[in-house]
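Structure below; questions to follow.
Letters A, B, ... are given to chains in the order of the sequence lines, protein chains preceding strands, and every chain is numbered from 1.
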2 protein chains.
Amino acid sequence: MFQHAAELTGKKWSAAILLAMQRGADRFSEIRGSVTGLSDRMLAVRLRELEEHALVRRTVIPTVPTTVQYTLTPAGDELIRILQPLVDWAHRWET
Amino acid sequence: MFQHAAELTGKKWSAAILLAMQRGADRFSEIRGSVTGLSDRMLAVRLRELEEHALVRRTVIPTVPTTVQYTLTPAGDELIRILQPLVDWAHRWET
DNA sequence: CGGGATCCAACGCGATACTG
DNA sequence: CAGTATCGCGTTGGATCCCG
């Protein structure tokens, strides 16, 4: 059901995180830095959800200290493009 | 912010209600009847939210007993059309 | 750097019962 | 017909502290 997609993207920060990733943020601290008000915990929780739903892929890079890279999967990439009209809609009708 | 739109449509039943209205349901009991599992309370709550956000207009018709008509505003109508690609996306990627 | 663990207040929403 | 009132519990999400 589409309900899942709507509830997932409707959750606080989810869409903001995806949009940040689309803008090029691919590391934990980059995403957190580009979304104002987002806490460590919520970012971690959301990333796990997005990963479970196969919208985001998590890649550990064995450097010291280890860095982790997050990339959009094809499904995630397509979703974020679909979300764009919604962003435009919000601007058009906002009070 | 578009966050509001995402959170609003992400709430349980919201999108289902809008879709029911697009399919022609314009009275309280019609909407409730066309969305399986939807309770009186949740429909009333959602309709109030949607009305506050100017996606739905509420019109009281002074008959006996009084009937109430719900119609999509231009904003609501546009939103529901924007939501359609999301529905398609969900079908395409669902596991 | 990239998180996990815990605690807790606020919210979401289903069930039930009642109303003009 | 078109709602409102109340209860009760599960879920969310912010704060804080800790870790490899």
Fill in: Side-chain heavy-atom pair B:L83, A:L86 within 4.5 angstrom cut-off
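Yes; the side chains approach each other to less than 4.5 Å.
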
Discussion item. Just so I know, are the side chains of B:S39 and B:W13 near enough to count as touching, which here means a heavy-atom distance under 4.5 Å?
Written reply: no

Worksheet entry | Strand contacts (DNA chain D) in residues 51-60 of chain B, 4.0 angstrom heavy-atom criterion | B:R58

Worksheet item: Which residues, if any, of residues 19-36 of chain B bring a heavy atom under 4.0 Å of DNA chain D?
Response: B:R27, B:F28, B:S29

Practice prompt. Report the distance from atom CD of A:E52 to atom CD of A:E49, rounding to the nearest 0.5 Å.
Written response: 7.5 Å

Fill in: With B:Q69 via side-chain hydrogen bond (donor to acceptor under 3.5 Å, both in side chains) - residues at least two apart
B:D26

Discussion item. Going by the rule side-chain hydrogen bond (donor to acceptor under 3.5 Å, both in side chains), which residues pair with A:R41 if we only count those two or more places apart in sequence or in a different chain?
Written reply: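 Testing A:R41 for side-chain hydrogen bond (donor to acceptor under 3.5 Å, both in side chains), a comparison that skips the adjacent residues, returns none.
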
Worksheet item: At what distance, to the nearest 0.5 angstrom, does CE of B:M21 lie from CD1 of B:I31?
Response: 5.0 Å

Worksheet item: Do B:Q3 and A:K12 come within less than 4.5 Å of each other through their side chains, counting heavy atoms only?
Response: yes

Worksheet entry | Contact pattern, 5' to 3', of nucleotides 6-20 of chain C - B, S or - by protein heavy atom under 4.0 Å | B-----SBBB-----

Item to complete: Mind grabbing the angle between the end helix axes of the helix from C:dC1-D:dG20 to C:dG20-D:dC1? Five pairs an end, 10° rounding.
Response: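 Between the axes fitted at each end of the helix from C:dC1-D:dG20 to C:dG20-D:dC1 lies an angle of 50°.
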
Practice prompt. Please say which of A:V68, A:T67, A:T66 ends up in a side chain to side chain contact (heavy atoms under 4.5 Å, CB included) with A:I61.
Written response: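 The passing option is A:T67.
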
Discussion item. Could you tell me how far apart B:Y70 (OH) and D:dC1 (P) are, to the nearest whole angstrom?
Written reply: 13 Å

Worksheet item: Got A:L18 and A:V56 here, is their nearest side-chain heavy-atom distance under 4.5 Å?
Response: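 Yes - at least one pair of side-chain heavy atoms lies under 4.5 Å apart.
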
Item to complete: Kindly determine whether B:L47 and B:F28 satisfy side-chain contact (heavy atoms from CB on, under 4.5 Å), including the steps that lead there.
Response: CA-CA 9 Å; B:L47 283 174; B:F28 194 91; 4.0 Å; yes

Worksheet entry | Flag side-chain contact, heavy atom, 4.5 Å: A:L38 against A:I17 | yes

Fill in: B:L8 and B:L55, any side-chain heavy atoms less than 4.5 Å apart
yes

Discussion item. Under a 4.0 Å threshold between the charged nitrogen and the carboxylate oxygen, would A:R81 count as salt-bridged to A:E78?
Written reply: no

Practice prompt. Would you kindly give the CD1-to-C1' distance between B:I17 and D:dA2, to the nearest whole Å?
Written response: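 Taking CD1 of B:I17 and C1' of D:dA2, I get 14 Å after rounding.
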
